[in-house]
Amino acid sequence: MSAHDFEFKSIDGKPMKMSAFAGKPVLVVNTASKCGLTPQYAGLQALAEKYRDRLVVLGVPSNDFGGQEPGSEAEIKGFCEVTYGVDFPMTEKQVVIGSGAHPFYKWIAAELGEGAAPRWNFYKYLIAPDGKIAGAWPSTVKPTSAAITKEIDKLLTR
């Protein structure tokens, strides 16, 4: 099994197969619009711009932590576009923890252990071009940190 076996719905309600991203690294991040970490959207957008056409940043809005993503998909999309200029793909709002978690997040927990499941908003998972997990970072690691960009660069030079 790999990340390419999963599917989300886009924030616009269209099917979004992870297999469409095969051949590129994907940074999957569970996001929230009303969190102290929400400014990380700026860093995610900076990564999307820096690695344009070579990396996919995928935002996965979730209301699992402190009810910090209460809006509708249209509200979330509007907030992200207007406030942070987000133009990277985003999914519909998802459950990312527990028994009701989206299958992608259940797979992450099965592959990396329950301790790697999101514990708050803005957990980051780097998926290699072949669909395997290449890295995982908690909320406190900023999207543009050397830890993350170093791993992205490694995947791009393979």
Side-chain angles (χ1 to χ4, degrees), residues 1-12 14-33 35-62 64-65 69 76-77 80-81 83-97 101-158:
M1 194 150 220
S2 82
H4 297 153
D5 295 316
F6 299 99
E7 182 175 331
F8 290 93
K9 277 196 176 176
S10 75
I11 201 158
D12 297 320
K14 297 180 176 117
M16 179 187 288
K17 293 183 181 217
M18 293 293 288
S19 60
F21 305 132
K24 292 182 182 181
V26 181
L27 187 67
V28 182
V29 186
N30 62 297
T31 61
S33 300
C35 175
L37 299 169
T38 299
Q40 285 194 22
Y41 269 123
L44 294 171
Q45 182 60 31
L47 282 180
E49 290 172 10
K50 176 180 179 179
Y51 293 103
R52 182 81 59 204
D53 299 325
R54 298 181 298 146
L55 167 78
V56 176
V57 175
L58 180 61
V60 182
S62 177
D64 289 356
F65 303 103
E69 189 58 275
I76 295 165
K77 182 179 179 185
C80 291
E81 288 175 350
T83 310
Y84 293 101
V86 166
D87 65 1
F88 54 81
M90 294 187 69
T91 72
E92 286 184 334
K93 200 174 350 182
Q94 300 292 331
V95 173
V96 300
I97 56 171
H102 184 281
F104 172 85
Y105 283 93
K106 287 182 178 178
W107 173 72
I108 290 284
E111 289 290 307
L112 301 179
E114 282 297 323
R119 294 181 185 268
W120 199 251
N121 304 307
F122 292 91
Y123 262 61
K124 298 148 197 86
Y125 301 96
L126 183 61
I127 306 300
D130 64 2
K132 294 188 172 118
I133 302 167
W137 298 271
S139 307
T140 53
V141 178
K142 293 183 179 174
T144 55
S145 73
I148 293 176
T149 57
K150 184 174 96 178
E151 292 305 313
I152 292 169
D153 290 337
K154 274 190 209 173
L155 292 175
L156 292 173
T157 57
R158 279 188 185 173

*Got a second to check how far Leu155's CG is from Leu55's CG, nearest 0.5 Å?*
9.0 Å

*Yes or no on salt bridge (charged side-chain N to carboxylate O under 4.0 Å, His left out) for Asp153 and Lys50, after CA distance, side-chain angles and deciding distance?*
CA-CA 11 Å; Asp153 290 337; Lys50 176 180 179 179; 5.1 Å; no

*Would you give the length of the straight line joining atom OH of Tyr125 to atom CD of Glu111, rounded to the nearest 0.5 angstrom?*
12.5 Å

*I would like to know whether Met16 and Phe21 meet side-chain contact (heavy atoms from CB on, under 4.5 Å); could you show each step before the answer?*
CA-CA 10 Å; Met16 179 187 288; Phe21 305 132; 4.2 Å; yes

*Mind checking whether Gln40 and Phe122 have side chains closer than 4.5 Å, heavy atoms only?*
yes

_Closest non-hydrogen atom pair between Trp120 and Cys35, with its separation_ = NE1-SG, 3.4 Å

*Please walk me through it: do Asn30 and Phe65 pass side-chain contact (heavy atoms from CB on, under 4.5 Å)?*
CA-CA 10 Å; Asn30 62 297; Phe65 303 103; 3.7 Å; yes

*Return the minimal non-hydrogen interatomic distance between Val96 and Ala101, and the atom names on each side.*
C-CB, 3.6 Å

_Could you go through Tyr105 and Val60, starting from their C-alpha distance and side-chain angles, then the distance that decides it, and tell me whether this counts as side-chain contact (heavy atoms from CB on, under 4.5 Å)?_
CA-CA 11 Å; Tyr105 283 93; Val60 182; 3.7 Å; yes

_Heavy-atom check, side chain of Leu156 versus side chain of Tyr51, under 4.5 Å_ = yes

*asked:* Could you measure the distance from the NE2 atom of His4 to the NZ atom of Lys132? Nearest 0.5 Å is fine.
replied: 10.5 Å

Could you pull out all donor-acceptor pairs under 3.5 Å where a side-chain atom in residues 135-150 meets a protein atom, sequence neighbours excluded?
residue: Ser139; atom: OG; partner: Asn121; partner atom: O; Å: 2.5
residue: Ser145; atom: OG; partner: Lys142; partner atom: O; Å: 3.1
residue: Ser145; atom: OG; partner: Ile148; partner atom: N; Å: 3.4
residue: Thr149; atom: OG1; partner: Ser145; partner atom: O; Å: 3.2

*Does the pair Phe88 and Leu44 meet the rule for a side-chain contact (heavy atoms from CB on, under 4.5 Å), with working shown?*
CA-CA 9 Å; Phe88 54 81; Leu44 294 171; 3.8 Å; yes

*asked:* Give me the atom names and distance for the closest heavy-atom approach of Leu126 to Pro25.
replied: CD1-CB, 4.2 Å

*In Å, rounded to the nearest 0.5 Å, how long is the span from NZ of Lys9 to CD1 of Ile11?*
13.5 Å

*Please report the closest heavy-atom contact between Phe6 and Phe104, naming both atoms and the distance.*
CD2-N, 3.6 Å

*Ser2 and Gly131: which non-hydrogen atoms are nearest, and at how many Å?*
CB-O, 3.5 Å

_Does any part of the side chain of Ile97, heavy atoms only, come nearer than 4.5 Å to the side chain of Tyr123, both counted from C-beta?_
no

*Atom pair NE2/OG1 of His102 and Thr91 - distance to nearest 0.5 Å*: 7.5 Å

*Are any of the side-chain heavy atoms of Asp12 and Lys77 separated by less than 4.5 Å?*
yes

*Just by distance, with hydrogens left out, do Ser33 and Glu69 show a side-chain donor and acceptor under 3.5 Å apart?*
yes

*Any side-chain heavy atom of Asp87 sitting closer than 4.5 Å to one from Glu81?*
no

*Does Thr83 reach the main-chain N or O of Cys80 with its side chain, forming a donor-acceptor pair under 3.5 Å?*
no

_Val56 side chain near Met18 side chain, heavy-atom distance below 4.5 Å_ = no

_Would you compute the distance between atom CD of Glu7 and atom CG of Asp5 and round it to the nearest 0.5 angstrom?_
11.5 Å

